[in-house]
Amino acid sequence: RVNSKLTLNLGVRYDNYKPYKDVGGYQALFYVTGATGPGFGKAAYQIPVEQKNYPLATAFTDLLAKDNIALQYINNPALVESQNTNFGPRFGFAYSVDSKDVVRGGFGIFFGGLESTGYYPNLGENYPFQFADNFPAPDCKANDCPSVSDPAHGGVSLENGFSTAIAAGLQNFISTPALRGSDKVAKTPYTESYNLSVEHAFSSNLATTLSYVGNVDRHLTVFPDPNSPYALTAPSLSANQYRPFPDFGGSAYSCYCGISDYNSLQAKLQKRFAHGFNFLLTYTWAHSLDDAPTPLGSTGDGGYRGTNLVPIRQDYSNSAFDVRQRLTFNAYYQLPFGKGREFMNHGGVVNAVAGGWAANLTFFAQTGTPFTVYPTNTGVSGAGRRAILIGDPYKGGGTPPASNPNITCPASVHNKNHWFNPCAFANPVSGDEVSPGPYNGSDTTPMPGYKYPVKITDHASVLQLLGGRRNQIYGPGFNRVNMSVFKNFPTFRKQYLQFRADIFNLFNHPSLGSPSDASIDNNAGQITGPRFFQNFTPDARFVQFALKYQF
């Protein structure tokens, strides 16, 4: 306490998080160690030294050598190294301007845990400790089935079953194996949080607060694919040859390179409990942006578009959980009748009927969360695609864009039939405009009748074919009123039996879910179901009753 008006709060916290490890060393780590490009790269594949004698199929080690991935055995059983410099300073102050006004502020760095490191992707699912074999169907025609007797084609017959594969060892039947990895050093995610508020007291029980609250997050865990293709190709072609490690499939990978930013203005009016009544009214305007889609895709917010073609920073956009505005109100009121209350402060029949009653009410309303709109034309091979926002999606009518001429522009939008207008979006360039093969032996010259060559790598053309960003527009908001009624029956001294009724969605107000069709077809923006709140919480009024004995 510096003086009678100023109080400081100073401190520092140290955190140390360790990655997961398998106690037996049954895991492996893939990570990039050098420059990569289409068809070339440099990486390492590390296994704990205690499993150095675990058998590896020659088929797998040959693929590692062919794609310039060094096989290494190391002494660190966790494989991933932790960060040991997580010092988080804290600073806060409170300054009393006068008897009714206070200014508060603070800043701090807060480190988060490594909740996914070594767990997702699960390094124990790497070869050779866990893997999948592919047994494709034989390439047969009528009266001609050569691959049944040709193990090189992976044919399987009823006569021989999997005997050939078993005899050769299942480990040798790997086909474009997936790789699971992580940055070698797990940088701990952290938040820089800051706030500044002014509070004014109207009376001893009523006060208001106006605040700015914000934070920036760095080193968020994201899941790019370092083995994604460096090129887009025609839909009929595989882009695998343009991966840095073309003999392997896409990788599951943890990178500590995501960012997010949050800024908000918050207002609060609060009446403390007095004379049986209190309430709290809040309003928040906020905006959250990030380039880190929710881990495991739990919000379905679009993911990435081939991170070797479009860096994740170019997908910096509205967070999937971003709520721009939210208003809440809650209040509690004790009826002033019965024993211990202002009126009829005695026992008897009157108290049993009219005394001990109380009620509370909560109201909240908020805007919706964003979602991604998808195209309808033919895509390319090598990355995901999104529609391109070209107009006001919440305005009806209009003219179909040239890239999507067969749709109808709905006259009325922002309803359950058409939440958004598909005519406000354009398709990216169709994959049908990409050459299906090289022209005169050239991968970079388009064939006659096609706009693009067989291999597209320049950034401008890539964006034309992949479209816009994720989470372009917002879905329906909702509001809800809940109420509870209480009645206390005194029993012995300060003990009592309480009866309560909780009424959820008091006015039975429906809440629309996000559009079921998020593509720009004639059903664009159609909503076919209610908002999901949680299990056993229907989008309808429901009531629950309870008895509680307080002693």
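Computation of the quantities below employed the complete heavy-atom set of this structure, encompassing side-chain atoms and omitting hydrogens, waters and symmetry-equivalent molecules.
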Query raised in the report: Between Gln464 and His459, do the side chains contain an N or O donor and an N or O acceptor separated by less than 3.5 Å?
Result: no

Requested in this report: Establish, yes or no, whether a centroid distance under 6.0 Å links the rings of Tyr14 and Phe87.
Outcome: yes

Requested in this report: For residues Pro436 and Ala234, report the shortest heavy-atom separation together with the two atoms involved.
Outcome: CA-CB, 4.0 Å

Query raised in the report: What do the steps show when you test Tyr230 against Thr36 for side-chain hydrogen bond (donor to acceptor under 3.5 Å, both in side chains), and what is the final call?
Result: CA-CA 9 Å; Tyr230 270 95; Thr36 61; 2.6 Å; yes

Query raised in the report: Backbone N or O of Ile259 within a donor-acceptor pair of the Asp290 side chain at under 3.5 Å?
Result: no

Query raised in the report: Within the distance-only criterion (no hydrogens, no angle test), does the side chain of Ser435 pair as donor or acceptor with the backbone N or O of Pro446 below 3.5 angstrom?
Result: no

Report task. Identify, with sequence neighbours excluded, every residue that meets side-chain contact (heavy atoms from CB on, under 4.5 Å) alongside Thr284. Result -> Tyr262, Ser264, Gln266, Ala286

Report task. Verify whether the ring centers belonging to Phe533 and Phe478 lie closer than 6.0 Å. Result -> yes

Query raised in the report: What closest approach, in Å, do Asn308 and Pro226 show between heavy atoms, and which atom pair accounts for it?
Result: ND2-O, 3.1 Å

Query raised in the report: Do the charged groups of Asp539 and Arg480 touch, with an N to O distance under 4.0 Å?
Result: yes

Report task. Would you please indicate yes or no on a ring centroid separation below 6.0 angstrom for Phe111 and Tyr17? Result -> no

Report summary line: Between Phe371 and Ala518 the two heavy atoms that sit nearest each other are CD1-CB, 4.3 Å

Query raised in the report: At their closest point, which heavy atom of Phe129 faces which heavy atom of Gly25, and how far apart are they?
Result: CZ-O, 4.0 Å

Report task. Could you walk me through whether Ser182 and Ser254 pass the side-chain hydrogen bond (donor to acceptor under 3.5 Å, both in side chains) test, one step at a time? Result -> CA-CA 4 Å; Ser182 165; Ser254 290; 5.1 Å; no

**Report entry** Salt bridge flag under 4.0 Å for residues Asp291 and Arg469
**Finding:** no

Requested in this report: Show your reasoning for whether side-chain contact (heavy atoms from CB on, under 4.5 Å) applies to Gln27 and Asn122.
Outcome: CA-CA 8 Å; Gln27 60 183 27; Asn122 187 344; 5.6 Å; no

Query raised in the report: Is it true that Asp432 and Lys451 make a salt bridge, defined as a side-chain N closer than 4.0 Å to a carboxylate O?
Result: no

Query - Side-chain H-bond candidate by donor/acceptor type, Asn440 with Ser442, under 3.5 Å - result: no

Report task. Could you walk me through whether Tyr439 and Tyr450 pass side-chain contact (heavy atoms from CB on, under 4.5 Å), step by step? Result -> CA-CA 11 Å; Tyr439 181 57; Tyr450 293 90; over 6 Å; no

Query raised in the report: So how far is it from Asn126 CG to Ile47 CD1, rounded to the nearest 0.5 Å?
Result: 8.5 Å

Requested in this report: Ignoring hydrogens and angles, state whether a donor on the side chain of Asn523 or His418 is under 3.5 Å from an acceptor on the partner side chain.
Outcome: no

Query - Residues Asp15, Arg13: salt bridge by 4.0 Å N-O rule - result: yes

Query raised in the report: Does the side chain of Gln46 pick up a donor-acceptor pair with the side chain of Lys184 at under 3.5 Å?
Result: yes

Query raised in the report: Tyr474 and Asp322: side-chain donor and acceptor closer than 3.5 Å?
Result: yes

Query raised in the report: Is there a donor-acceptor contact under 3.5 Å from the side chain of Asn404 to the main chain of Asn427?
Result: no

Query raised in the report: Using 4.0 Å as the upper bound for N to carboxylate O, is an ion pair formed by Asp247 and Lys66?
Result: yes

Requested in this report: Carefully, step by step, assess Phe504 and Gln544 under the rule side-chain contact (heavy atoms from CB on, under 4.5 Å).
Outcome: CA-CA 8 Å; Phe504 299 90; Gln544 69 180 20; 3.9 Å; yes

Requested in this report: Would you please indicate yes or no on a ring centroid separation below 6.0 angstrom for Phe536 and Phe542?
Outcome: no

Report task. Please report the C-alpha distance between Asn84 and Asn16 in whole Å, then the side-chain angles of each, then the deciding distance to 0.1 Å, and finally whether the side-chain hydrogen bond (donor to acceptor under 3.5 Å, both in side chains) criterion is met. Result -> CA-CA 6 Å; Asn84 300 316; Asn16 187 267; 2.9 Å; yes

Query - Distance in Å, Ile388 CD1 paired with Arg385 CZ, rounded so as to fall on 0.5 Å steps - result: 8.5 Å

Requested in this report: Could you give me the CA-CA distance, side-chain angles and deciding distance for Ile74 and Val49, then say whether side-chain contact (heavy atoms from CB on, under 4.5 Å) is met?
Outcome: CA-CA 5 Å; Ile74 65 171; Val49 70; over 6 Å; no

Requested in this report: Of all the heavy-atom pairs spanning Pro229 and Arg243, show the shortest one and how long it is.
Outcome: CD-NH1, 3.8 Å

Query raised in the report: Do Gln130 side-chain atoms and Leu123 backbone N/O form a donor-acceptor pair below 3.5 Å?
Result: no

Query raised in the report: What is the distance from atom CG of Leu389 to atom CZ of Phe420, rounded to the nearest 0.5 Å?
Result: 10.5 Å

Query raised in the report: Is the Tyr127-Phe60 ring centre distance short of 6.0 angstrom?
Result: yes

Query raised in the report: Taking the six-membered ring for Trp, are the ring centroids of Phe30 and Phe248 within less than 6.0 Å of each other?
Result: no

Query raised in the report: Are any side-chain N or O atoms of Arg90 and backbone N or O atoms of Ile109, one a donor and one an acceptor, separated by less than 3.5 Å?
Result: yes

Report summary line: What one should report as the nearest heavy-atom pair of Asp521 and Thr376 is N-CG2, 3.8 Å

Query raised in the report: Quick one: do the Asp225 and Ser251 side chains pair a donor with an acceptor below 3.5 Å?
Result: yes

Requested in this report: Show your reasoning for whether side-chain hydrogen bond (donor to acceptor under 3.5 Å, both in side chains) applies to Ser317 and Asn471.
Outcome: CA-CA 7 Å; Ser317 186; Asn471 297 340; 5.5 Å; no

Report task. State whether a side-chain donor-acceptor pair under 3.5 Å links Asp217 with Thr191. Result -> yes

